[in-house]
Amino acid sequence: MLAKANRLVRANDYRNAVRRGSHFSAANSVVYIALRDDSSPVRFGFIVAKTVGGAVIRNRVRRRLKAIGYELITRVDPGTDVVIRALPGAAETSWAVLRNEILGQVTRGGARK
RNA sequence: UGGGUCGGCAAGACGGUCGCGUUGCUCCUCACGGAGUACCGAGGAACGUCCGGGCUCCACAGGGCAGGACGGUGGGUAACACCCACCCGGGGCAACCCGCGAGAAAGUGCAACAGAAAGCAAACCGCCUCCCGGCAUGAUUUUCGGAUCGUGCAGGGCGGUAAGGGUGAAACGGUGGUGUAAGAGACCACCAGCGAUUCGUGUGAGCGAGUCGGCUAGGUAAACCUCGUCCGGAGCAAGGUCAGACAGGGAACGCUACGGGCUGCUCGCCUAGUUUCCGGGUAGACCGCUAGAGGUGUGCGGCAACGUACAUCGUAGAUAGAUGGCCGUCGAUGGUACUUCGGUACCGGGACAGAACCCGGCGUAACAGCCGGCCCAUUCA
């Protein structure tokens, strides 16, 4: 899970990441990565629309994404905002598949290690 | 034992590991904040947002209209469209279930198909009197052409009738008799129903018994409508404090307490002021924010819903939105195979669903269970 410091909470931050960041698509998700020019912690944001499922399903998807984000904290440079958008297929995807998918996208998008 | 019916319970369990949120404590920091630690951290429907309330702001003398909701009776409640008990009607052998339970003799409207006719009377078939002429036949009479009367058959006409037939969800009471040309509440008896009324009983809806009347008055109000009762509006993004941001403009009032300007006075105008509308900006922090018509237990009152007294408990508060991710063991029902019918092996792995100001209801969703009351049938005693 992610502490508040590692979360994106402002609508403006989301807007910046989605519009200006580079994005990487996969079967079940889209990852947006934007750099801020400072050394503040890595921040993650999640977008799970109603097309993914009902409230219970969306909650589970978001919690899984948060767990993946927790793994990524040490692998992404500080000052980076990462927004992960879940696509409708994410609800039926297994944990391992979803995790590899996100990790792959983040690696392509500029992970440090 | 089987079937039914009503109600209640519960909402997979245990562990490992890595985490999240509120609050308390300790430590660090000038401070924002950070670290550690402890406790607590989703549901029976948290859902839909369909009713009812609390709370907040706005409006409000009183009354009425419009609009909406409700509708057997009595009770419960903060309130309700909810709950309890009872009544009536319908279903069921029964336990029990069902009714969107006011008014159809205030008015307007509506009724497919079938049927003659669907609302205030009418008459398709049928039944009957009378009249008309025809045919057949009998009697009487005869001037032998016929005439008169009777009977029968088929037909036509003016009427009578609603017993019978047939249609329909529904056809203007039912059965029996008197009566009649045939019939008919035309009349009579009983029954059903209607109106009025008396007595008993119940808080009441009603129930039970009787008397009188006229003999019959259809359904539909989830059609308009009528009657009775209730209802101001918006919602926690309510509302408040602080910080921050932006751009003003129109209309009205009006010198009302004051000001400034055009000129000292008067008038007038502009500005300012007040009200209001449009436009623009913000959506950060804190409060509201969870102790409440609160839960549990016992006693008392009550058929019950519920009330009441005492004791006791402390129980989510997020805001891109915490309450979890991953892994392991066990695991109900289930599937497949084998079976000595006791089981064994393998597979699979839990429904519906996520708080957002708070309560009371209703409705909807849903897997497999567990427990109990009652009813019916069956077996045994």
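Below, all heavy atoms of this structure are taken into account, side chains as well, without hydrogens, waters or symmetry copies. Quick note on labels: first sequence line is chain A, next is B, and so on, each numbered from 1.
One P atom belongs to rC375(B), the other to rG349(B), and the distance between them is 47 Å to the nearest Å. The gap from the P atom of rA316(B) to that of rU29(B) amounts to 36 Å, rounded to the nearest Å. As rounded to the nearest Å, rA116(B) and rG138(B) have C1' atoms that lie 44 Å from one another. Separation of the C1' atoms belonging to rC82(B) and rC215(B) is 49 Å when rounded to the nearest angstrom. Remark: the separation of the C1' atoms in rG193(B) and rU216(B) is 8 Å, to the nearest Å. Atom C1' of rG206(B) sits at a distance of 45 Å from the matching atom of rC370(B), rounded to the whole Å. Here the separation of rG21(B) from rG324(B), taken at their C1' atoms, is 11 Å to the nearest Å. For the C1' atom pair drawn from rA293(B) and rA205(B), the interatomic distance equals 31 Å after rounding to whole Å.
Side-chain atoms of Asn59(A) lie closest to rA42(B) of the nucleotides rA353(B), rG325(B), rA42(B). Which of rA320(B), rA322(B), rC326(B) sits closest to the side chain of Trp95(A) comes down to rC326(B). Checked against rA353(B), rG325(B), rA322(B), the side chain of Val56(A) finds its nearest nucleotide in rA353(B). Listed nucleotides rA320(B), rG354(B), rC326(B) differ in distance to Arg7(A); the shortest reach to its side chain belongs to rA320(B). In the set rA355(B), rG19(B), rG324(B), rG324(B) carries the atom at the smallest distance from any side-chain atom of Arg63(A). Residue Arg60(A) has its side chain nearest to rG325(B) when only rG354(B), rA322(B), rG325(B) are considered.
A glycosidic torsion no more than 90° from 0 defines the syn conformation, and rG185(B) adopts it. Syn is the glycosidic conformation of rA42(B), whose angle stays within 90° of 0. Glycosidic conformation of rG155(B): anti, with the torsion beyond 90° of 0. With its glycosidic angle more than 90° from 0, rG36(B) is assigned anti. rG145(B) shows a glycosidic angle within 90° of 0 and is accordingly assigned syn.
Per the geometry, CG belonging to Leu72(A) stands 14 Å off C1' belonging to rG325(B), to the nearest Å. In this structure, the CZ atom of Arg99(A) is 13 Å from the C1' atom of rC327(B), given to the nearest Å. Taking atom CZ of residue Arg85(A) and atom C1' of nucleotide rA320(B), one finds them 13 Å apart after rounding to whole Å.
In this structure, the side chain of Glu101(A) engages the main chain of Ser29(A) through a donor-acceptor pair within 3.5 Å. A distance-only check finds a donor-acceptor pair linking the side chain of Thr107(A) to the backbone of Leu103(A) [under 3.5 Å]. No donor-acceptor pair closer than 3.5 Å links the side chain of Asn6(A) to the backbone N or O of Arg43(A).
Comparing Phe44(A) and Ile57(A), the nucleotide of RNA chain B nearest to each residue sits closer to the 5' end for Phe44(A).
A single hydrophobic cluster is not seen to contain both Val97(A) and Phe24(A); linkage of ILVMFWY side chains at heavy-atom distances under 4.5 Å, directly or through other members, places them apart.
Taking all atoms of both residues into account, the shortest heavy-atom contact from Ile73(A) to Val42(A) is O-CG2, 3.9 Å.
For the pair Leu72(A) and Phe44(A), the minimum side-chain heavy-atom distance is below 4.5 Å.
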